[in-house]
Structure formats: C-alpha cells, structure tokens
Student: 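There's a structure below that I have some questions on.
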Amino acid sequence: MNETKNTMNLLESFAMRHTQVSHLEVSLKEVIPPDQRVQAKVELNLTPRELKTNPSDGGTAYQVTARMQCQGFAEGQEPGAGA
C-alpha cells in the first residue's frame, strides 16, 4: 500500500496566541497491554475563520477549529477489526 505522507510546519506561516479545548470526547474500546505494539489511523481537519481585527494590530487573525479522529489498533489488525 503506497500512502503519501504530507507534512507542513504551520508555525512557519502562523503564530498561535491562544488554545482552548471546548469539547473532548474519548471512547476506550479495548485495553492493550503495555508491551503490545499499536498503530493508529489519525485524521485532522482544520477549519479556519477570519476574525475582524484592528488594522493597527499588524496582521490578520483567524479562529481555527480542529477536529481530530484517532483510531488505534493492534499491529497486524485492520482498523475497526475486533480483538
């Protein structure tokens, strides 16, 4: 399986001033022993929204909503497969 891995350093283009977690939902379906190797499928969606700012502030401000889904599974299993 060929997967393209894209990486981007957002700090090269943006400066983060404030972070707030407003909703966190976790569902633990299986406890994996500490010595068990695991893999994870991670999806991160960012939704930026421009905020009205004072021109004297020296830049444009954005509010970014981040939605992350992380599904872990034992090495050798497919995501979503039971133990």
Side-chain angles (χ1 to χ4, degrees):
M1 175 194 302
N2 285 337
E3 290 186 28
T4 304
K5 295 185 179 188
N6 295 322
T7 60
M8 178 182 184
N9 185 349
L10 294 176
L11 294 177
E12 290 176 359
S13 303
F14 300 95
M16 186 179 300
R17 290 192 200 176
H18 175 74
T19 303
Q20 176 183 351
V21 175
S22 59
H23 180 81
L24 181 63
E25 184 178 321
V26 177
S27 177
L28 181 61
K29 301 192 187 249
E30 177 183 358
V31 176
I32 297 176
D35 59 343
Q36 171 82 39
R37 290 184 59 118
V38 294
Q39 296 178 345
K41 177 183 174 187
V42 178
E43 181 178 321
L44 176 65
N45 296 303
L46 301 174
T47 307
R49 182 173 65 91
E50 189 173 343
L51 298 175
K52 292 182 180 180
T53 58
N54 186 341
S56 64
D57 289 342
T60 305
Y62 294 90
Q63 176 181 351
V64 179
T65 300
R67 182 180 185 99
M68 184 175 80
Q69 271 189 304
C70 179
Q71 182 180 11
F73 49 96
E75 189 172 61
Q77 282 187 338
E78 290 295 317

Student: Can you list the residues that meet the side-chain hydrogen bond (donor to acceptor under 3.5 Å, both in side chains) rule with Q69, with sequence neighbours excluded?
Tutor: none
Student: Same cluster or not: are L51 and L46 linked, directly or through other Ile, Leu, Val, Met, Phe, Trp or Tyr residues, by side-chain heavy atoms under 4.5 angstrom apart?
Tutor: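 As far as the 4.5 Å side-chain criterion goes, L46 and L51 are not connected within one cluster.
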Student: How long is the straight-line distance from CD of Q63 back to OG1 of T47, given to the nearest 0.5 Å?
Tutor: 10.5 Å
Student: Nearest 0.5 angstrom please: Q39 CD to K41 NZ, how far?
Tutor: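 These two atoms lie 12.5 Å from each other.
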